[in-house]
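Below, read A as the first sequence line, B as the second, and so on, with proteins coming before strands; counting in each chain starts at 1. Note that the structure is a prediction, hence the values are computed from the model and not measured.
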Amino acid sequence: MAEYSKEEIRRIEQKWQEKWEKDGVYKVETDPSRPKYYVLDMFPYPSGAGLHVGHPLGYIASDIVARYKRLKGFNVLHPMGFDAFGLPAEQYAIQTGQHPAITTAKNIETYKRQLRQIGFSYDWSREVQTCDPQYYKWTQWIFMQLFNAWYNLSVVDNSKNSIVGKTEPIQTLIDVLEKEGNKNVKAACNEDTPVITAEQWKAFNEKEKEIFLQHYRIAYQSETMVNWCAALGTVLSNDEVKDGVSERGGYPVERIKMLQWSMRISAYAERLLNGLDTIHWPEPVKEMQRNWIGKSVGCELQFTINNSQLTIDVFTTRIDTIFGVTFMVLAPEHELVSQITTAEQKEEVEKYVEVAKNRSERERMSEVKRISGAFTGAYAINPFNGAKIPVWIADYVLAGYGTGAVMAVPSSDTRDYAFAKHFNLPIINVLEGPTSDITKDNFEPKSGSMINSDFLNGLDWKTAIEKALEKVEQLGIGQRKVNFRMRDAIFGRQRYWGEPFPVYYKDGIPKLVEEKDLPITLPEIDEYKPTESGEPPLARAKDWGYRPHPQPGTRNPEPVYPFELTTMPGWAGSSWYWFRYMDSKNNSEFVGKEAEQYWKDVDLYMGGSEHATGHLLYSRFWCKALKDLGYVQAEEPFKKLINQGHIQGMSKFVYRINGTNKFVSSNLKKDYDVTALHADVNLVDNDTLNIEAFKKWRPDFADAEFILENGKYICGSEVEKMSKSKHNVVNPDDIVSNYGADTLRLYEMFLGPLELSKPWNTNGIDGVFKFLRKFWNLFHDAQGNIIVSDAEPTRDELKILHKTLKKVEQDINNFSFNTTISEFMICVNELTSLKCNKRAVLEPLVIALSPYAPHTAEELWQKLGHAETILKASFPQYNEEYLKESSFEYPISINGRVRTKMEFALDMPKEDIEKTVLASEIISKWTEGKPPKKVIVVPGKIVNVVL
RNA sequence: GCGGAUGUGGCGUAAUUGGUAGCCGCGCCAGACUUAGGAUCUGGUGCCGCGAGGCGUGGGGGUUCGAGUCCCUCCAUCCGCACCA
């Protein structure tokens, strides 16, 4: 007996999972004789809650592609691993004292067990975990390369004929400094980099040299603004701060400057932008990255302060509106503020700066409508017309963007306009046209022609910008400038559970450890909290320091120096992991040359869109840096990206009558005063509460009473995030034990388009389960014996087969998995009604279905008499020959409304079709004998009679 | 405020280039079988109407012989964001 029963499914799935693992069928090696295909899922963070039903959505889709590509003859790399450093484990460690490595390892075990039983084709022998010293050894190594690198902008990309620059070893910069100083160096560097001569360079001591080089290094230290929470002794991210206090605990948060490691991602801005045009990513993700990079082309120019030597630099994209400048605004943090403020305004300005300083950017953003500012008392001179304009400070101008100062043109910028209105400042119109009036709803800032603008009058904005730019350069008061809004990325955390830096301090100078000393492993500490004095947790480590190897020729051992105490941020380990999978066991390189040459980049990357500007940008950055330094060949790491949607939870509610332990069914609740409580979704079937299970669920419900409708208790529902606290988590384990992994896989794909977000609802799962059983039954008689015939298939059967194969192949190439399942269902329905059990039809179908339902397919494959795994089969090629039709049933419509259908040969001339249609009884009923105005015949599509 | 997306039966959804709206599945209705079950099988199922027929893809308008699909406009929901000069 072999019914497709719960027991049989469990037996089949376990049997094959064990066999696949034993035989190592998913192990993959470089094989230059075959084309490669690299399918990657985004690195999961192993949370303590385990997998819920939403997680596998993307994994199933990518696994289907991986299996399909194998059947198409590709050598497929499909690995899995864990992004295992992270705050939740650290938070848990702080609370319980349990080492984060232990909880992390436990969580990973849970994840792996859950993943295994869904039947993914991962090559687990390549698994990586970012918290494994054998892995983070190479994260540290890459950091060292980036520390030892700078970005040379004088390297021209010949293929694009543009300056994009290149990452180079820092030594090439040092060589230039030795020879001629930095006067000719074109590099991505800090704004405040001084110009020095070779002599000055040579005269620098070791510390001065290092400080100077930090202006250029890709990994460098800088003072950055952070949210410092003294009570917690740590730095908080923007979303850990709410209303100026810490979200956890509600302690005050201050914005202070702190010396931190940063990554000079801004050097790559242009390449990160251009590269987007070369990769197949969802347009919204590309757009988000473009916005994040935020390239704007404009002009930087100087305004002098009246009666002073001081000048203020401003950046503007609308130099054409220069004659409309009526005031100037500096960021409250701007360094000139204290110098230009007059005595009368001092008090007001200082008060304003004090308030503005501690307002986070997020706060400033959420209060767009609140206009605030203060007058400094100083005036600047418009270099174009000598006009004296007041200088204000306001927090709508950000210190971190451009120069931290704007020339305000209230007639063409809505924020400047609002500011001018609020403080009664003058407004000069410089553009005239139907949509050029800022006070009107249809205001379009780039419209109309220039007025009140001297030599620019009459021009459109574009021409005026060009003309004004020429003037600026001619006057020598500024230059064209491309500005990026992307800032360098902070690379560090004041935390324990992350990669230690391979950095120690000698006389306050950061120095790299030697490569042979890697990895620098995390030391054991007594508690995972910051120290009393506010130092990071690593300061608690005892006897933790670095003793450099003695220089050749010296005898005395070096003393022990202190290590860097911060750790790397969450994105360090995930910014290069796809390379490690190519060669995860390599002890001498982060990826071996041969493996890297073969696998090169990721062909399909599957993951959520929440990583659009974080992980996906950093990964592209590191990939480019590693390429420039000659370690890898890919300019872009991920050729094709797909964002799977999010599965939300469907929360279920029961309604307790206040002050009682009585629950009223959803549709009757309006007559009572009730409180809605979350009921566990696993106690609810199709909105009907399982009352007995509910009573057992929690002791306080044990003697609950119920007011029913039609004998049932109906729950209310609401879409919410899937989370433990809302009791709406559906665990894939439960689905697997009820229906099997194959049904779960099929159902997740059947739910709808992969990219769409939707609430999980198990209700429809019977449909795909029945489909699998019907498919199974095609191979079996009523007693469960396999019966497959070797008879020749009929033309109808072949048509069904090839129609299905064609659709399956088309859909998978469009990543449209839901429609594939529908097509399989149609196919099985048709074959069932034909009672087809012919090998020639069923065998190709088993192969085609195997990426979706691998266990069932493998079992049937074996029953069909194959000794070798179905993974080694070839995907059956459909034959167009069987799909040809000789006739078509035309819908016949009158004025676009279908009235009847008529069958005609596909090669029948239009005129004949028209004649036959008009002669037909049904149509003449509508035409009432009158000749139609027009008859449209589209061969193979439709006939439309226009009356 | 800016940017992105989405709106189709009771529900999840489907619909090459504009060419039969609602495939497939759930649910529901009716029937068959039966060791009475939340099993299986068969048929039906967008809405209104007895019917002929009419109405229908968030609302309104447009282009077209023909619009879910193209254009304009409005509305709703969801997601992202760093007031970017």
Side-chain angles (χ1 to χ4, degrees), chain A residues 238 282-288 290-292 294-296 298 314-319 321 329 331 360-362 364-371 394-398 400-409 412-416 418-419 483-487 609-610 612-613 645-646 648 685-688 719 746-747 750-753 755-771 773 810 814 816 818-827 829 889-901 932-938 940-947:
Chain A
N238 279 342
E283 210 41 58
V285 175
K286 288 192 189 184
E287 200 53 35
M288 274 192 240
R290 286 193 192 103
N291 285 338
W292 192 271
K295 180 179 181 176
S296 50
V314 300
F315 174 75
T316 179
T317 54
R318 295 298 306 274
I319 187 68
T321 62
V329 187
S360 69
E361 281 169 11
R362 193 155 288 204
R364 289 188 187 185
M365 191 182 29
S366 58
E367 290 172 30
V368 176
K369 290 276 140 66
R370 206 177 85 185
I371 295 162
D395 65 5
Y396 80 90
V397 175
L398 303 177
Y401 181 73
T403 60
V406 303
M407 52 175 236
V409 185
S412 74
D413 181 288
T414 48
R415 285 157 308 164
D416 295 346
F419 194 81
N483 220 4
F484 291 96
R485 104 184 146 171
M486 181 166 65
R487 303 170 198 164
S609 58
E610 66 272 20
T613 49
H646 286 272
Q648 293 135 315
D685 182 32
N686 240 342
D687 290 344
T688 307
V719 175
L746 244 39
Y747 186 56
F750 187 66
L751 279 176
E755 323 78 60
L756 237 64
S757 290
K758 52 192 133 351
W760 176 268
N761 189 340
T762 313
N763 284 348
I765 199 165
D766 278 341
V768 291
F769 178 74
K770 282 186 207 162
F771 154 72
R773 188 172 51 201
Q810 273 175 354
N814 293 325
S816 173
N818 54 326
T819 51
T820 307
I821 314 282
S822 295
E823 189 63 29
F824 273 124
M825 287 174 169
I826 294 167
C827 171
N829 288 346
E889 194 182 38
Y890 283 83
I892 314 295
S893 54
I894 310 238
N895 288 338
R897 205 85 189 148
V898 177
R899 296 300 173 186
T900 186
K901 284 175 189 173
K933 274 195 197 132
K934 206 172 181 181
V935 178
I936 285 136
V937 179
V938 185
K941 293 272 192 219
I942 200 167
V943 177
N944 193 13
V945 179
V946 186
L947 295 179

> For B:G9, does the O4'-C1'-N9-C4 (purine) or O4'-C1'-N1-C2 (pyrimidine) torsion place it in syn, i.e. within 90° of 0, or in anti?
Replying inline: syn

>> So, OP1 or OP2 of B:U17: does either fall under 4.0 Å of a side-chain N or O from A:Lys941?
In response: no

> Under 4.0 Å between a side-chain N or O of A:Lys934 and OP1 or OP2 of B:C65?
Replying inline: yes

> Hey, would you say the A:Tyr747 and A:Trp760 ring centroids sit under 6.0 Å apart?
Replying inline: yes

> Can you find a side-chain donor-acceptor pair between A:Ser893 and A:Asn944 that sits under 3.5 Å?
Replying inline: yes

>> If you assign each of A:Ser893 and A:Asn818 to its closest nucleotide in RNA chain B, which residue comes earlier from the 5' end?
In response: A:Asn818

>> With a cut-off of less than 4.0 Å, is there a side-chain N or O of A:Arg290 near OP1 or OP2 of B:G80?
In response: no

> Over how many whole Å does the gap from A:Asn829 atom CG to B:C24 atom P extend?
Replying inline: 8 Å

> Per the atom types in the model, does the base of B:C65 pair as donor or acceptor with the side chain of A:Asn944 at under 3.5 Å?
Replying inline: yes

>> Using OP1 and OP2 only, check whether a side-chain N or O of A:Arg897 sits under 4.0 Å from B:U20.
In response: no

> B:C83 P sits how many Å from A:Trp292 CH2, rounded?
Replying inline: 11 Å

> So what does A:Pro759 touch, heavy atoms closer than 4.0 Å: a base, only the sugar-phosphate, or nothing?
Replying inline: nothing

> Are any side-chain N or O atoms of A:Asp416 and backbone N or O atoms of A:Ser412, one a donor and one an acceptor, separated by less than 3.5 Å?
Replying inline: no

